[in-house]
Amino acid sequence: MPSVSDYIKTAGTIADRAITHIIHGDVLTVQWESADISGIENCMRQVLEIEPDNPRWQYIDACLAIAQGRYATGMESIRNIASLYPDFTEAQGFAENPDRWFSPFCYPAWRDNIGELPEHFANLPRGGTLLVSMRDCVDRVVGFFRHCEPGYCVLSKKTTVDIDIKLLDTPFGLIAGAYLIIDPGKRGGRLSETMLSCDKIPPQLQDMSSAGYWLLRLLAGQSYTFILLHDIQTGTVYRKKHYFNAQNKKLLNAIADRLSGISPLQNWDRNEFLKAQQYYMQHVTIDNFLE
């Protein structure tokens with residue numbers, strides 16, 4: 001008898017084959033046929049027969065209902081999931097931002113055997129690490145991505161990688177530094193970071209889940225992340241599926257608990273954010289990451 005993982009893999013295969021993303025400037029269009037969506041829905045029904053109380057599968061099923069034009073039904077399900085499972089960030093975010101929350105099917109598919117850079121990531125800013133969303137089968141996964149200078153990402157699968165995140169209350173708002181650490185503990189190790197605002201969200205965002213507040217909460221709900229490093233000269237992509245260790249999970253859970261008590265404001269001020277970044281850099285020591 002097929003297992004949950006078998007059905008999820010089949011659903012992901014259908015999605016990978018059927019979905020086409022078209023990007024025009026800041027506008028994203030997702031194209032797929034109703035018959036293909038129905039095929040994924042059939043897989044999810046089998047999954048829900050096995051695990052009827054799993055909010056993740058309930059959420060995917062609700063997103064598929066919306067994709068099929070059954071918006072009221074899908075949103076009612078998402079609100080119910082958010083009410084029953086307050087720690088399930090996907091449903092919480094969608095329920096709070098129904099017109100500005102992308103489902104997992106809006107993001108590029110990623111697998112360990114894919115070496116081509118998705119168009120979604122090609123035009124992302126260079127310099128430092130970014131937190132990005134991608135789709136693994138039918139799940140959204142928040143990953144670490146960086147466009148790299150030549151030679152930076154010539155790594156083997158045995159290369160040790162780790163992540164770290166530090167929160168700091170600054171006079172200009174709560175800010176997080178998210179770090180990708182390559183060869184931690186070695187003198188020749190490398191460190192790449194990004195800084196995220198945690199208590200304010202730019203009001204013009206089309207996808208609210210791309211805000212730091214939500215990205216960190218989504219990351220905390222995962223058991224792993226993807227690390228993607230794109231060599232801008234050769235076009236090659238280093239990729240690694242990084243499973244969180246106990247220390248990672250403890251840190252991410254603590255961050256999620258902290259953020260769950262915050263209601264972020266949509267009064268973004270870029271100058272205030274830059275001041276918060278500067279304050280962070282002046283008060284957080286990063287030397288010990290590579291000791």
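Just so it is clear, the structure is predicted and the values come from calculations on it, not from any experiment.
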Candidate pair Leu259 and Leu216, rule side-chain contact (heavy atoms from CB on, under 4.5 Å), full reasoning:
CA-CA 8 Å; Leu259 296 184; Leu216 293 173; 3.8 Å; yes
Run the numbers on Ile163 and Phe244 for side-chain contact (heavy atoms from CB on, under 4.5 Å), then give the verdict.
CA-CA 9 Å; Ile163 66 161; Phe244 297 138; 3.5 Å; yes
Test side-chain contact (heavy atoms from CB on, under 4.5 Å) on Glu90 and Trp101 and set out the steps.
CA-CA 9 Å; Glu90 282 276 20; Trp101 190 271; 3.1 Å; yes
Pair His147-Leu117, side-chain contact (heavy atoms from CB on, under 4.5 Å): steps then yes or no:
CA-CA 10 Å; His147 289 293; Leu117 188 69; 4.1 Å; yes
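Residues Met208 and Phe102 form no side-chain contact, since every pair of their non-hydrogen atoms from C-beta on lies 4.5 Å or further apart. Leu215 is listed as a side-chain neighbour of Ser133, based on a closest heavy-atom distance under 4.5 Å. Residues Ile182 and Leu229 meet the side-chain proximity criterion, which asks for heavy atoms closer than 4.5 Å. Proximity of Met44 to Tyr7: side-chain heavy atoms (C-beta onward) are nowhere separated by under 4.5 Å. Between Trp110 and Arg239 the shortest side-chain heavy-atom distance falls below 4.5 Å. Counting only heavy atoms from C-beta outward, the side chains of Leu205 and Pro202 approach each other to under 4.5 Å. Side chains of Leu228 and Phe121 form a contact here, defined as non-hydrogen atoms less than 4.5 Å apart. Contact check for Tyr107 versus Asp139: no side-chain heavy atoms found under the 4.5 Å cut-off.
Note on residues 68-91: pairs passing ring pair (Phe, Tyr, Trp, His ring centres under 6.0 Å), not counting sequence neighbours, are Tyr59-Phe88.
Closest heavy-atom contact between Pro98 and Ala95: CD-O, 3.6 Å. Nearest heavy-atom pair across His242 and Val161 is CE1-O, 3.4 Å. Shortest non-hydrogen contact noted between Ile78 and Ala91 is CG2-O, 3.7 Å. Minimum interatomic distance between Gly212 and Leu196 (heavy atoms only, all atoms of both residues): CA-CB, 3.9 Å. Closest of all the heavy-atom pairs between Pro264 and Ile201 is CG-CD1, 3.8 Å. Nearest approach of Ile50 to Pro2, heavy atoms of both residues: CD1-O, 4.1 Å.
When only modelled atom types and interatomic distance are considered, Ser263 and Tyr213 share no side-chain donor-acceptor pair under 3.5 Å. Between the side chains of Ser209 and Arg100, not a single donor N or O lies within less than 3.5 Å of an accepting N or O. Looking only at atom types and distance, the side chain of Asp6 has a donor-acceptor partner in the side chain of Ser3 under 3.5 Å away. For the 3.5 Å distance criterion, the side chains of Asn248 and Asp164 fail to qualify, holding no donor opposite an acceptor. Side-chain atoms of Gln68 and Ser34 include a donor-acceptor pair closer than 3.5 Å. No hydrogens or angles considered: nothing links the side chains of Trp214 and Gln92 as a donor-acceptor pair under 3.5 Å. Looking at Arg45 and Asn42, their side chains do bring a donor and an acceptor atom within 3.5 Å of each other.
No more than 12 heavy atoms of other residues, nucleotides or ligands lie within 6.0 Å of CG in Asn123, so this atom counts as exposed by the packing criterion. Open room surrounds CD on Glu33; 12 or fewer heavy atoms of other groups in view lie less than 6.0 Å from it. Counting heavy-atom neighbours within 6.0 Å of Lys249 NZ, excluding the residue itself, gives a total above 12. Shown here is Gln282, whose CD atom has more than 12 heavy atoms of other residues, nucleotides or ligands within 6.0 Å.
Judged purely by atom type and a 3.5 angstrom limit, Glu193 has no side-chain atom pairing as donor or acceptor with the backbone of Thr129. Within the 3.5 Å criterion, the main-chain N or O of Leu174 finds a donor-acceptor partner in the side chain of Asp199. For the pair Arg217 (side chain) and Gly93 (backbone), a donor-acceptor distance under 3.5 Å is absent. Side-chain atoms of Asn80 come within 3.5 Å of backbone atoms of Glu76 as a donor-acceptor pair (strictly under, hydrogens ignored).
The hydrophobic clustering, which links ILVMFWY residues whose side-chain heavy atoms are closer than 4.5 Å, places Leu265 and Ile175 apart. Cluster annotation: Tyr238 and Ile232 are assigned to distinct hydrophobic clusters (Ile/Leu/Val/Met/Phe/Trp/Tyr, side-chain heavy-atom contacts under 4.5 Å, transitive).
Here CD of Glu41 is found 6.5 Å from CG of Asp61. Values are rounded to the nearest 0.5 Å. Put simply, CD1 on Ile165 and SG on Cys198 are 9.0 Å apart, with the number rounded to the nearest 0.5 Å. In this structure, CG in Asp53 is found 9.5 Å from CG in Leu84, a value given to the nearest 0.5 Å. Going from atom OG of Ser192 over to atom CG of Leu130 covers 8.5 Å, rounded to the nearest 0.5 Å. Between Ser223 atom OG and Leu252 atom CG the span is 11.0 Å, to the nearest 0.5 Å. Summarising the geometry, atom OH belonging to Tyr224 is positioned 12.0 Å from atom CG belonging to Leu219; distances are rounded to the nearest 0.5 Å.
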Please list every donor-acceptor pair under 3.5 Å in which a side-chain atom of residues 268-280 meets a protein atom from a residue at least two apart or in another chain.
from: Asp269; atom 1: OD1; to: Asn271; atom 2: N; distance (Å): 2.9
from: Asp269; atom 1: OD1; to: Glu272; atom 2: N; distance (Å): 3.2
from: Tyr280; atom 1: OH; to: Tyr179; atom 2: OH; distance (Å): 2.8

Could you go through residues 14-22 and list every donor-acceptor pair under 3.5 Å that involves a side-chain atom there, pairing it with any protein atom two or more places apart or in another chain?
from: Asp16; atom 1: OD1; to: Arg135; atom 2: NH1; distance (Å): 2.8
from: Asp16; atom 1: OD1; to: Arg135; atom 2: NH2; distance (Å): 3.1
from: Asp16; atom 1: OD2; to: Arg111; atom 2: NH2; distance (Å): 2.8
from: Arg17; atom 1: NH2; to: Asp36; atom 2: OD1; distance (Å): 3.1
from: His21; atom 1: NE2; to: Phe105; atom 2: O; distance (Å): 3.0
from: His21; atom 1: NE2; to: Cys106; atom 2: O; distance (Å): 3.4

